[in-house]
Amino acid sequence: MSKDDYFVIICRVLAYLYECLKRGEDPSQGYLTYGTDAFPVNQKYWTYIMKNLQRSGYVDGVAIVSIAGAAKGVKLTENLEITPAGIEYLQNNSTIEKAKKFLETLKEICPGL
């Protein structure tokens, strides 16, 4: 696995949102953005990931928006949060477990938390 692997990115997103939920904090939209150390992916890949997290029922608060002259994008709303299905996926999926182990090795599961 690598830092930009699909399952590594979704593990980081879901783990971050779950920690925010448990702490009673709103997620930082500044943290949840593409092209950063935390999420080293391009805009198209980020949009793909976030749309699929929403469509799979793992997160709420992702709006699909039209971008002039481009494909549809995503906007993270102030209601962004992990769902119970997202928590279960984070805790019980074997591929996510591999991603967690990869991130723990790098000590990166949720920088700044």
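Because the structure is predicted, anything quoted here is derived from the model rather than measured. Scope of the values below: all heavy atoms of this structure, side chains included, with no hydrogens, waters or symmetry mates.
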Quick check: are there more than 12 heavy atoms from other residues, nucleotides or ligands sitting under 6.0 Å from OH of Tyr34?
no
Is it the case that atom CD in Glu88 sees more than 12 heavy atoms from other parts of the structure closer than 6.0 Å?
no
Name of the residue among Asp60, Leu17, Leu21 meeting side chain to side chain contact (heavy atoms under 4.5 Å, CB included) with Thr83
Asp60
What residues form a side-chain contact (heavy atoms from CB on, under 4.5 Å) with Ser28, not counting sequence neighbours?
Tyr16, Tyr31
Which heavy atom in Val13 sits nearest to a heavy atom in Trp46, and how many Å separate them?
CG2-CH2, 4.0 Å
For Gln91, what residues pass the side-chain contact (heavy atoms from CB on, under 4.5 Å) criterion, not counting sequence neighbours?
Tyr18, Ile87
Non-hydrogen atoms of Gly57 and Ala85 that approach each other most closely:
O-CB, 3.6 Å
Using a 4.5 Å cut-off on heavy atoms from C-beta on, say whether the side chain of Lys51 contacts that of Gln54.
no
Between Arg12 (side chain) and Ala38 (backbone), is there a donor-acceptor pair under 3.5 Å?
yes
Side chain to side chain contact (heavy atoms under 4.5 Å, CB included) partner of Tyr6, the single match among Ile9, Ile10, Asp4
Ile10
First locate atom CG of Leu90, then atom SG of Cys11, and finally report the distance between them rounded to the nearest 0.5 Å.
6.0 Å
Which heavy atom in Tyr45 sits nearest to a heavy atom in Val41, and how many Å separate them?
CD2-CG1, 3.3 Å
What are the two closest heavy atoms between Gln29 and Glu78, and how far apart are they?
NE2-N, 3.9 Å
Considering non-hydrogen atoms only, spot the tightest contact between Met50 and Leu76 and give its length.
CE-CD2, 3.6 Å
State the OH-CG distance between Tyr58 and Leu14, to the nearest 0.5 angstrom.
8.5 Å
Heavy-atom nearest pair, Asp37 first then Pro40, reads O-CD, 3.7 Å
